[in-house]
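These notes are about the structure you will find just below.
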Amino acid sequence: MSHRPDLIVSDINAYLESQEEKGMLRFITCGSVDDGKSTLIGRLLWDSKLIFEDQMAALEADSKRIGTQNGAVDYALLLDGLQAEREQGITIDVAYRFFSTEKRKFIVADTPGHEQYTRNMITGASTAHVAVILIDARKGVLTQTRRHSFLVSLVGIRHVVLAINKMDLVGFDASRFHAIREEYVAFSTGLGLNDITAIPISALQGDNVLLHSGHTPWYNGPTLMEYLETVNIVDETAAQPFRMPVQWINRPDLDFRGFCGTIASGHVKPGDSLMVAASGTMSRVARIVTMDGDLGEAQAGQSITLTLEDEVDISRGDLLVDPRARPEQADQFEAHLVWMHEERLLPGRRYLLKCCASTVTAQISTLKYKINVNTLKHEPAKTLELNEVGVCNLALGKAIAADPYRLNRTTGGFILMDRFTNATVGAGMIDFPLRRATNIHWQAQQVTRELRSELMGQHPCVIWLTGLSGSGKSTIADALELKLSALGKHTMLLDGDNIRHGLNKDLGFTDADRVENIRRIGEVAKLMTDAGLIVITAFISPYCAERDMVRQLLPEGDFIEVYLNTSLEECERRDVKGLYKKARLGQLPNFTGISAPYEPPASAELVIDTASTGVEHAVESILQLLNVPA
Amino acid sequence: MRLTMTHLRQLEAESIHIIREVAAESANPVMLYSIGKDSSVMLRLALKAFYPARPPFPLLHIDTTWKFREMIAFRDRMTAEYGVDLLVHVNEEGIRQGINPFTHGSALYTDVMKTEGLKQALDKYKFDTAFGGARRDEEKSRAKERVFSFRSAGHRWDPKNQRPELWNLYNTHVGSGESIRVFPLSNWTELDIWQYIYMERIPIVPLYFAKVRPVVERAGMLILLDDDRLVLKPDEQMQMKSVRFRTLGCYPLTGAIESAAATLPDIIREMLLTKTSERQGRLIDHDQAGSMEKKKQEGYF
């Protein structure tokens, strides 16, 4: 499995030294089903002599058993990893392959070609320098080709190889090759893809993969391998302003305080001025510390530890930057967003956003439109489903320093995570910061929440009743308010139906509307507690995420979640409003418990089973929790 | 200065980034230490990641009690030298049941002493994140493995329920009872590992180097007579042969290869010119195609 067997045999030390100077290239292959993508990668692995005899034996056996080449070696079988996929004959995830030549080590992100694949392609492309886009010479530029190219441009890959495959099946026809190339170039320049190299190949036969083909005397360009070995990827990031996200604070003892991170862009050397992007605090680099000794300079891609000349307050998530090019600090951004989860985007829901080493909460404040990845047309959207791409405004819980993604893939890219399932649900690319937020400042008020509360002689809070329709929320809420009023407390009851007649009459019962419904109620409840009131709410509020969002709005301890744990059977038996009956007849879509989910709270302050507990008793247990003597 | 980093320096920087990310975000991380060459590289990267401090997590060795004696000696020497914390866990239940590789077969033995032992240790210390030294190039099913591989409660790996990984942004969040296995060497190949060991002069267990050792041929493999628990069958014979090991594990299950490669460059040369892939020396993979995938679903690394 070698590249220079002669040197390995004659002088292994010289060989090893030559290998230490090797560079690395990451690329992604994009193609539709049957474009010959797996065959091409298999061929690259094969031709770079990375296939061992035992693997070869297994490949030959597999080719006979389940191959698609009539018993001849099916290179595609080298790649399919998971057993289930092997049997289905499609790959459904990103696989990473490795091979190396004398000049470079290669990491190939191999993504499947079927329809549902935006998520995988974006994932594989996020770390790639080069995209190899496969086209079947018989079919030319297809819808899928446009989709792949759009995603490649979206994720910021600058170098594209147009591998026009299966040239053997069109008789190595030069005019066919040129026609496809011209059509592609015309289309892709609109996407901002400028560095495009078209190569006529046959993955199956090996033409122009490693060696120049005798079948294409009219082609003078590089073979695919020559291109991959020589494409100039001198990282654009090294030439950009210095950025290093602080990942870890290194404090072995009181005398050493180091800031660890991977340099996202630019260079740094001792003596350089650095700024903490968020605070604007300045200092100078004292040392670049590594276990192999201090460095005189370091650049993008290196994982280092910096010490500074001054005692500066820096923590994980801070961004150290070149003070001459300080990034924008904002809590609102416009971004392209790729949705990556089966559970659709809910605008208004708070997700966790991770950008470099910062994690903050984030809401999609406006979904401007989605982009049809096949036609590239903008379409109106209320949500994003799995594999959809949209442009949105994001509102963060806390300002972060970031760059536009087109300038810096590291400080401009982010992921969104669900706060309850912890799933990675989206990937985003910042377009630009929105300045609006910086112009709306909180108005300082002289009469405070505390003062109002004191005047009323009570501690304000929100008693949040949640449970299925018919679990008794309104009844208990009403009785509770009556009791509190009798005790001289100032209260306000927010009831689901009443609010929907007014404040929220524009909202329906889709997931997105339910989230917005609860968000507004939460904000109203918060304002009322600022006014000093004890607020009682009676809403189904089916999602943990939204109840928790309201909890986060309030000071700790002021959100009291009361879960009316009444079985669906019991609620349906009661059916006070006749809604279950309608729902069962299919006349009420998105009805909680029947056709929409209810997520019970994991840690409610109080759980009441109203099947076994009377109203009076329920009210008493809530009063006990409030520390109000009944 | 050079404008592009060499591939080994890039791999090194990426691995250090991953290791630091876990230290920063995980509540209770641990590094699995199998004593082999990949573990040696991973440990070196951990030392580099936190220098001049020590790694802020312990090492964990799942001792099946059937490791080569030289491995245990090496383990104790290295951890003492580097001053890192080492936890050793043995599945005592398996010991009580007398589980061993001879009478119970490699599959059951590995499941009880290695897979179960690992789960026990993770549960005992409540580790939520465990570093492992696996690489994507080792086996087909690993090509799709994430760097951060998510395990549901009960340590199960569900290939359909893994998180997309973009850029170098890792989602480290887990719910209670869930855990993550992190593979900082995911993008290294066997050749990268050897070249890095050579370049960095990383100490490795002497068993990797050829030496005349007592072996017996069994089931087509050369097994080292590491201690007197290996009893020769009537038709077997001890032979003195110059052998070395390409991978290290439990001695009765790990085949030696005949070799004269006694130095690192010799080993690398032999590897580069060889014709069989690395895992062939391990009995456990031979059962059936896709066996590693099954093992992983059950919690084996």
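Protein chains get the first letters and strands the later ones, always in sequence-line order, with residue 1 at the start of each. Note that the coordinates shown come from a computational prediction; the quantities given were computed from them, not determined experimentally.
Contact count versus chain A (heavy atoms, under 4.5 Å) is highest, among B:Arg146, B:Gln195, B:Glu21, B:Glu12, for B:Glu21. When each of A:Thr262, A:Leu16, A:Thr127 is scored by its heavy-atom pairs under 4.5 Å with chain B, the top score falls to A:Leu16. No other option in B:Arg163, B:Arg20, B:Gln162 has as many heavy-atom pairs under 4.5 Å with chain A as B:Arg20. Here B:Leu11 is the residue among B:Leu11, B:Ile16, B:Thr172, B:Asn168 with the most heavy-atom pairs under 4.5 Å with chain A. Put simply, of A:Gly301, A:Gly296, A:Gly124, A:Ala128, the one with the most heavy-atom pairs under 4.5 Å next to chain B is A:Gly301. Among B:Leu169, B:Ile268, B:Asp266, the residue making the largest number of heavy-atom pairs under 4.5 Å with chain A is B:Leu169.
Heavy atoms closer than 4.5 Å to chain B are found in the side chain of A:Thr359, but not in its backbone. With a 4.5 angstrom heavy-atom cutoff, B:Ser186 touches chain A only via backbone atoms. Looking at A:Ile107, the atoms closer than 4.5 Å to chain B (heavy atoms on both sides) all sit in the side chain, from C-beta outward. No part of B:Trp194 comes within reach of chain A, as not one of its non-hydrogen atoms sits under 4.5 angstrom from that chain. Only the side chain of A:Asp292 comes within less than 4.5 Å of a heavy atom in chain B; its backbone stays farther off. Using a 4.5 Å cut-off between heavy atoms, A:Ile304 touches chain B through its backbone atoms (N, CA, C, O) alone.
Rounding to the nearest 0.5 Å places CH2 of B:Trp167 at 13.0 Å from NZ of A:Lys354. To the nearest 0.5 Å, the span separating SG on A:Cys260 from CD1 on B:Ile19 amounts to 12.0 Å. Separation of atoms CZ (A:Arg97) and CG (B:Asp137) is listed at 11.5 Å; rounding is to 0.5 Å. Atoms CD and OH, from B:Glu165 and A:Tyr96 in turn, are 7.0 Å apart once rounded to the nearest 0.5 Å. Taking NZ of A:Lys22 as the start and CZ of B:Arg9 as the end, the distance is 15.0 Å to the nearest 0.5 Å.
For A:Leu353, the side chain to side chain contact (heavy atoms under 4.5 Å, CB included) criterion is met by A:Cys355, A:Val360, A:Ala362, A:Leu394, A:Leu396, A:Ile400, A:Phe414, A:Leu416, not counting sequence neighbours. In this view, A:Lys105 and B:Asp192 satisfy the salt bridge (charged side-chain N to carboxylate O under 4.0 Å, His left out) rule, not counting sequence neighbours. Remark: A:Asp11 pairs with no residue by the salt bridge (charged side-chain N to carboxylate O under 4.0 Å, His left out) rule, at least two apart or across chains.
Shortest non-hydrogen contact noted between B:Pro164 and A:Thr123 is CB-OG1, 3.7 Å. Scanning all heavy atoms of the two residues, the minimum distance from A:Ile12 to B:Pro265 falls at CG1-O, 3.4 Å.
Checking each of A:Asn422, A:Asp418, A:Thr424 against B:Asn171 for a side chain to side chain donor-acceptor pair (under 3.5 Å) leaves exactly one that passes, namely A:Thr424.
Of residues 46-59 of chain B, those residues with a non-hydrogen atom less than 4.5 Å from any non-hydrogen atom of chain A are, in numerical order, B:Leu47, B:Lys48, B:Ala49, B:Phe50, B:Tyr51, B:Pro52, B:Ala53, B:Pro56.
For the pair A:Phe98/B:Asn187, a side-chain contact is recorded, criterion being any heavy-atom separation below 4.5 Å from C-beta on.
A donor-acceptor pair is defined here as one N or O able to donate and one able to accept, closer than 3.5 Å; no such pair exists between the side chain of A:Gln247 and the backbone of B:Ala24.
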